[in-house]
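Below is one structure, written out as structure tokens, with a few remarks after it.
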Amino acid sequence: MPRTLTLANQKGGVAKTTDTINLAGALNEMGEDVLIVDLDPQGNLTDGVGLDAAYTEEPPSLYDAMVDPEGHDLASLAYSHEEFDVVPANIDMFNLASELTTAMRGHEALRRLLADIEGYDTVLVDSPPSLGILTDNALLGTENVVLPVLAEDTSIRALKLLSNQIDTLEQEFDVTIPERAVVVSRLEYPLDGEEKEMLGWFEDTYGDVLPVVEIRKRVAIKRAYNDGVSIFAHDEDCDQEAAFLELADVLREVAE
Ligand SMILES: Nc1ncnc2c1ncn2[C@@H]1O[C@H](COP(=O)(O)OP(=O)(O)OP(=O)(O)O)[C@@H](O)[C@H]1O
Ligand SMILES: [Mg+2]
């Protein structure tokens, strides 16, 4: 069984997608076979790894598989990328949340699809910026969550709301969904007062129980994304490779 992890935060633009791609790149660098599932109907990750054509491809797509998990095989929807495989999002997925809301076991569609996945060391799920049934599917399907956050004071509220939602799912579905790491993303040094205060808050709140990994703001990260690869496969050096390797390393330790 592969290790399965969701990068989740309902707050938009906190680097969920960018961190997913670069974490996958780091795991690949360590010799792992990685599958990414793009569960965000916006399809940013799909576009960001050069699969924009797949986003508008005819059925069957991830949409069809989520609506009818028994009738589909997730692995057959995967595209190969030079670093990892990707199950792309599809434009049909804008209707997916409402379909799942009325479906039998609509919260467990991804879990059922992932139950049959083999041949990968790690599966990463990129989730949408909302606390709805798609993020619920990602959390229940992977039973491990990584928290990308920005060093902004609104992150406190976002993390509390996400944590409440995880508690609710744990109770309702009788599972545990441990938080595995906090990834403080897009940090720009020198830090301003708010950023310093927030880094302190992340350390105080999570430091004793979770790894807190810092990812700096780098234009090289954006350029790699624009070229459809992680920083590891990009033809430009980026000093954040070490940070993503550290994240990959701690996740390999804790999230078996
Ligand atoms: N370390 C970084 N350095 C520079 N830019 C970054 C970094 N991480 C993310 N970004 C940029 O920040 C923006 C938001 O990142 P991203 O799309 O990954 O966030 P997201 O949480 O997935 O957003 P959404 O909530 O819309 O899904 C993007 O423009 C991305 O290129
Ligand atoms: Mg995203």
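First listed ligand is number 1; within each ligand, the first listed atom is number 1.
- The same ILVMFWY cluster, assembled from side-chain heavy atoms under 4.5 Å apart, contains both V213 and L245.
- Contact analysis leaves Q240 out of contact with ligand 1, as no non-hydrogen atom separation drops below 4.0 angstrom.
- No side-chain donor-acceptor contact under 3.5 Å links Q10 and S130.
- For ligand 1, the atoms closer than 4.0 angstrom to any heavy atom of I221 are 1 (N), 2 (C).
- The protein heavy atom nearest to atom 1 (N) of ligand 1 is R216 O, 3.0 Å.
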Stepwise, does the side-chain hydrogen bond (donor to acceptor under 3.5 Å, both in side chains) test hold for D85 with Y120?
CA-CA 9 Å; D85 288 355; Y120 294 100; 2.6 Å; yes
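- Under the 3.5 Å distance criterion, with hydrogens and angles disregarded, no donor-acceptor pair is assigned to the side chains of E241 and N22.
- A side-chain contact (heavy atoms from CB on, under 4.5 Å) with L62 is found for one member of L39, D38, D92 and no other, namely L39.
- We find that R216 and E188 are not joined by a salt bridge, their nearest charged nitrogen and carboxylate oxygen being 4.0 Å or further apart.
- The G12 neighbourhood of ligand 1 comprises atoms 25 (O), with distances under 4.0 Å to a heavy atom of that residue.
- In terms of protein heavy atoms, atom 3 (N) of ligand 1 is closest to R218 N, 2.9 Å.
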Steps toward side-chain hydrogen bond (donor to acceptor under 3.5 Å, both in side chains) verdict (E214, Y189)
CA-CA 11 Å; E214 291 185 19; Y189 280 79; 2.8 Å; yes
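- For D239, the salt bridge (charged side-chain N to carboxylate O under 4.0 Å, His left out) partners at least two apart in sequence or on another chain are R218.
- D227 and H234 form a side-chain donor-acceptor contact under 3.5 Å, judged by distance and modelled atom types alone.
- Ring orientation note: the planes of F84 and H81 are close to parallel, at an angle under 30° on the 30°/60° scale.
- A donor atom on one side chain and an acceptor atom on the other are not found under 3.5 Å apart for E170 and T176.
- Below 3.5 Å of separation, one finds an N or O of T18 facing an N or O of ligand 1.
- Side-chain N/O atoms of T6 and S127 include no donor and acceptor closer than 3.5 Å.
- For the ligand labelled ligand 1, residue S185 lies outside the 4.0 Å heavy-atom shell.
- Considering only non-hydrogen protein atoms, atom 26 (O) of ligand 1 sits nearest to Q42 NE2, 3.6 Å.
- The N/O atoms of T17, backbone and side chain alike, include one that comes under 3.5 Å of an N/O atom in ligand 1.
- No side-chain donor from either of S155 and K11 sits under 3.5 Å from a side-chain acceptor of the other.
- Taking any N or O of K217, backbone or side chain, none lies under 3.5 Å from an N or O belonging to ligand 1.
- Using the six-membered ring where Trp is involved, H107 and F173 have ring planes that are tilted, between 30° and 60° apart.
- Closest protein heavy atom to atom 28 (C) of ligand 1: K222 NZ, 4.0 Å.
- Shortest contact from atom 19 (O) of ligand 1 to any protein heavy atom: A15 N, 2.9 Å.
- The protein heavy-atom contact nearest to atom 24 (P) of ligand 1 is G13 N, 3.5 Å.
- Here the heavy atom of the protein found nearest to atom 14 (C) of ligand 1 is R186 NH1, 3.4 Å.
- The I215 neighbourhood of ligand 1 comprises atoms 1 (N), with distances under 4.0 Å to a heavy atom of that residue.
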Q165 and D136: side-chain hydrogen bond (donor to acceptor under 3.5 Å, both in side chains), yes or no, with the steps?
CA-CA 8 Å; Q165 181 62 12; D136 289 352; 2.8 Å; yes
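- For ligand 1, the polar-atom distance check against V14 finds a nitrogen or oxygen pair separated by under 3.5 Å.
- Annotation: atom 27 (O) of ligand 1 to nearest protein heavy atom, D40 OD2, 3.6 Å.
- Considering backbone and side-chain N/O of V219, none are found under 3.5 Å from N/O of ligand 1.
- Around the Mg ion (ligand 2), the protein contributes the following N, O or S atoms under 2.8 Å, ordered by chain and number: T17 OG1.
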